[in-house]
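Atom set for the values below is all heavy atoms of this structure, side chains included, hydrogens, waters and symmetry mates excluded. Note that this is a predicted model, so its numbers are computed, not measured. Remember, it's 1-based here, ligands and their atoms both numbered in the order they're listed.
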Amino acid sequence: MSGPFYFDYAATGIPDAEIAHSALEESLAYFANPSSTHHLGKAAQQRLEHWRARAAKTLNVQREQIIFTGGATEANQMILLRLLLNKDPGNTHIVAAGFEHASVHESLLTLKHAGCKLLWVNPGNDGCICPKDFLAQITPKTRLVTLMMVNNETGAIQPAAQVIQNIRSLPHGNHIHVHIDAVQAIGRIHLNLHDLDCDSLCLSAHKIGGPKGIGLLYLKNPVPTLLKGGGQENDMRAGTENLFGICGCVLALEKIQQRHAQSRSHEQLWLSRLKDMGATFLPADRAIHPENFSQGIIAFAFPPLPGEVLMRLLSDRHVYVGTGSACGQNKKDRLRALTCIGIADKIAQCAVRVSFHEDTPLEHSLQALDILEEIISDQRKILNF
Ligand code: PLP
């Protein structure tokens with residue numbers, strides 16, 4: 001077998017063909033603008049509401065609490081950048097983890113520029129936020145906290161439920177908007193939003209086999225946003241609704257939520273073979289306490305072999321893994337996520353991330369690991385490590 005062997009699911013999933021076909025049929029059958037008041041527009045509107053109701057049912061929330069967005073970047077920014085509407089930025093404190101996704105991190109920097117006060121919480125070197133550290137940063141002026149549920153670089157599962165519970169126990173805890181980025185959690189952790197007392201949470205369809213450019217924001221209560229225009233999505237996200245994407249997003253969400261027991265067979269295989277090869281796990285805890293990590297993401301390095309070089313060598317052999325992309329911004333971002341858990345720059349530069357899916361054939365992992373082993377053995381001779 002010569003591949004392709006795809007291990008970059010944390011970047012994007014392989015589209016589910018059945019879902020793509022259903023979404024296409026839906027968008028062809030109901031092509032009218034849902035805002036048009038003629039029969040065809042009303043029919044499209046009904047379908048839109050049908051998908052909204054199904055998404056709400058899957059997540060165990062109310063239909064009107066689901067906002068379809070153009071992906072998770074947009075959803076994160078909707079929630080964060082609306083604080084720019086706040087008339088008193090100096091009294092707006094925001095608490096966030098240091099390793100948030102760029103779509104959160106960059107929005108936070110914009111808010112800082114506008115005068116809001118940012119309080120960062122750095123995770124421990126196990127890659128996890130400590131709920132007490134998070135709580136210690138909350139002040140009576142805290143308006144918003146944001147936390148990802150599973151880290152996209154390391155797979156570390158964050159104690160989001162505990163953080164929320166701690167915040168709610170404060171006298172002003174119910175006035176703090178708690179936003180959760182669950183993009184890497186969905187499919188790895190069963191989500192029941194009824195039990196998770198957050199104010200908003202975002203998901204992205206393309207990470208779970210759905211189309212790109214579509215996502216979903218759960219919003220407990222309506223909030224003013226900056227995306228004004230035609231009043232769609234309860235006046236919070238203007239723009240003609242993408243019925244193709246919405247249908248694909250909801251079908252992918254339903255499918256992934258129906259999976260219960262998640263197999264750890266790929267993870268066990270990769271962990272044990274990587275240990276044998278002498279890989280440095282990022283963080284080291286990844287191999288010691290796998291239960292604290294998503295089974296679908298493993299980050300490792302073979303210093304001093306740069307991650308970019310290892311990724312290209314693997315790519316030449318049709319094994320596709322993730323690493324800091326050629327784009328400078330992404331590269332900087334990966335380093336930020338790793339160095340903030342205490343990993344030295346020179347090790348973080350060597351990071352490679354493999355991410356897989358339940359349906360990835362085990363044979364693919366076996367073949368990819370054989371190829372990786374050959375590459376590492378060759379590079380050890382060349383670089384003498
Ligand atoms: N949040 C996390 C944790 C992610 O991993 C990603 C994508 O990589 C995003 C947000 C952005 O999602 P989207 O591609 O839908 O904009």
Quick one: side chains of residues 268-280, donor-acceptor pairs under 3.5 Å with protein atoms, not counting sequence neighbours, listed by atom name and distance.
| residue | atom | partner | partner atom | Å |
| --- | --- | --- | --- | --- |
| Trp270 | NE1 | Ser365 | OG | 2.9 |
| Arg273 | NH2 | Asp370 | OD1 | 2.8 |
| Arg273 | NH2 | Glu373 | OE1 | 2.8 |

Test item: side-chain donor near acceptor, Glu363 and Gln367, under 3.5 Å = yes
key: Distance-only polar pair, side chains of Asp133 and Gln137, donor-acceptor under 3.5 Å   =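 Side-chain D/A pair, Asp133 to Gln137: absent.
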query = Under the side-chain hydrogen bond (donor to acceptor under 3.5 Å, both in side chains) rule, what pairs show up with a residue in residues 15-28, not counting sequence neighbours?
reply = Asp16-Lys255, Glu26-Arg47, Glu26-Trp51
ask   = Who are the ring pair (Phe, Tyr, Trp, His ring centres under 6.0 Å) partners of His179, not counting sequence neighbours?
value =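 His179: no ring pair (Phe, Tyr, Trp, His ring centres under 6.0 Å) contacts found.
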request  = Write out the protein residues near ligand 1, meaning a non-hydrogen atom under 4.0 Å from one of its atoms, in order of chain and number.
outcome  = Gly71, Ala72, Thr73, Asn76, His101, Ser103, Met148, Asn152, Asp181, Val183, Gln184, Ser204, His206, Lys207
request  = Could you tell me whether the side chain of Thr360 reaches within less than 4.5 Å of the side chain of Phe5, counting heavy atoms only?
outcome  = no
